[in-house]
2 protein chains.
Amino acid sequence: MFSKTAEYALRATIYIAQKSSEDNKLGIEEIAKSIDAPRSFTAKILQLLTKDNEVISSVRGPNGGFYITEKAKGLSIRTILETIKEDDVFTKCVLGLKACSEAQPCPMHFQYKPIKQQLIRLFETKTIRDLAKELKTGERFLANFRPRKKTRVTK
Amino acid sequence: MFSKTAEYALRATIYIAQKSSEDNKLGIEEIAKSIDAPRSFTAKILQLLTKDNEVISSVRGPNGGFYITEKAKGLSIRTILETIKEDDVFTKCVLGLKACSEAQPCPMHFQYKPIKQQLIRLFETKTIRDLAKELKTGERFLANFRPRKKTRVTK
DNA sequence: ATAAATAAAGACAATTTTATCTTTATTTAT
DNA sequence: ATAAATAAAGATAAAATTGTCTTTATTTAT
């Protein structure tokens, strides 16, 4: 569904939102490791998202790193995808027809329409904060490996 | 959502299903033109789909070309995508997490799940024949340009 | 002021996807 | 049998995506 770029962008953003704050910034090393993505590539993607500090904020130097403001946490997941220009799913025809429209629908158009609308609704409704919150409960995961079995506490 | 390969595969298959029969085969030239796809690339993709004549059938030589058997027209749209290995949408995690599962869900998992299921249902339910039929009514389009305005019949 | 730590920027490289071109094999019609 | 028409196969190339490395700019702590 999404490109690697989009996947890493989403994972990184959610991770940063969960773990960071203005006075607890995260380094690229930690971020990349935590979301199981290539370090330098992730850095490049974050550069896109830090343009004008719109989605992600960053500062350089010691104790620098990435974080997300409370305000930015209110942005929708779709916004992340729009920022990196990966929002084709929401706008394009399933069959890739430029001319596909309500007036000149492709054979999938009307059947796909309600699904697409749900997709849009989901990605527009869900905020960065929402996803970060879910993650915090420990019932959702970003790490790409099996969790260690809960060590049973023996008396 | 889909790669160019998948888009062309779907368009070509639907087109062939609508226009061809065992004794009216279509040449690659016509197919590519009709679905607005690069000729040689489309040929390559059709090669994948004609493997074992499973989805699309072909014969070489004069009056040769591509067609789809009545039996194959009963195949689902998902089958086309599976044949060319473009069915990630139906199987992979939205965030690209290999470890994502019911037991270790990503933050999007449960919200995305019903949408994914509808997607699967749509692509598994719809057959090649269904889409070809819709196309035949003239109320659906594959061509990627605006239709000429209906010439008004004057007395 | 200097050194250290960090992200940003830029150049490059590898891989995958998309696309084209040429040659070969097959089939049909003559 | 031969020529013509077609798809199949293979080789190559262009473009896009994914990934890495090096240098630069910025910030902080000393």
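Letters A, B, ... mirror the listed sequences (proteins, then strands); counts begin at 1.
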Looking at DNA chain C, which of residues 57-66 of chain B put a heavy atom within less than 4.0 Å of it?
-> B:Arg60, B:Gly61, B:Pro62, B:Asn63
What residues, two or more places apart in sequence or in another chain, satisfy side-chain hydrogen bond (donor to acceptor under 3.5 Å, both in side chains) together with A:Thr125?
-> none
Just how far, in rounded Å, is P of D:dG10 from CG of B:Leu48?
-> 13 Å
Which donor-acceptor pairs under 3.5 Å do the side chains of residues 80-90 of chain B make with protein atoms, sequence neighbours left out?
| from | atom 1 | to | atom 2 | distance (Å) |
| --- | --- | --- | --- | --- |
| B:Glu82 | OE2 | B:Arg78 | NE | 2.9 |
| B:Thr83 | OG1 | B:Thr79 | O | 2.7 |
| B:Glu86 | OE1 | B:Ser3 | OG | 3.1 |
| B:Glu86 | OE2 | B:Ser3 | OG | 2.7 |

Any salt bridge (charged side-chain N to carboxylate O under 4.0 Å, His left out) pairs touching residues 112-121 of chain A, not counting sequence neighbours?
-> A:Glu102-A:Lys113
Below 4.0 Å: OP1/OP2 of D:dA8 and any side-chain N or O of B:Thr50 = yes
Among residues two or more places apart or on two chains, list those pairs meeting salt bridge (charged side-chain N to carboxylate O under 4.0 Å, His left out) that have a residue in residues 34-49 of chain B.
-> B:Glu29-B:Arg39
In residues 30-47 of chain A, what residues come within less than 4.0 Å of DNA chain D, judged by heavy atoms?
-> A:Pro38, A:Ser40, A:Phe41, A:Lys44
Which dot-bracket string describes DNA chain D (Watson-Crick N1-N3 plus N6-O4 or O6-N4, or G-U N1-O2 and O6-N3, all under 3.5 Å; [ ] crossing; | other strand)?
-> ||||||||||||||||||||||||||||||
Partners passing side-chain contact (heavy atoms from CB on, under 4.5 Å) against B:Glu134 (at least two apart in sequence or in another chain) | A:Gln111, B:Lys126, B:Leu131, B:Arg140
Under the ring pair (Phe, Tyr, Trp, His ring centres under 6.0 Å) rule, what pairs show up with a residue in residues 5-60 of chain B, not counting sequence neighbours?
-> B:Tyr8-B:Phe41
Near-strand residues of residues 4-14 of chain A, defined as heavy-atom separation under 4.0 angstrom from DNA chain D | A:Lys4, A:Thr5, A:Tyr8
For residues 46-62 of chain A, dump all side-chain donor-acceptor pairs below 3.5 Å to protein atoms at least two apart in sequence or in another chain.
| from | atom 1 | to | atom 2 | distance (Å) |
| --- | --- | --- | --- | --- |
| A:Thr50 | OG1 | A:Leu46 | O | 2.9 |
| A:Thr50 | OG1 | A:Gln47 | O | 3.1 |

Contact list for DNA chain C against residues 81-96 of chain A - heavy-atom distance below 4.0 Å | none
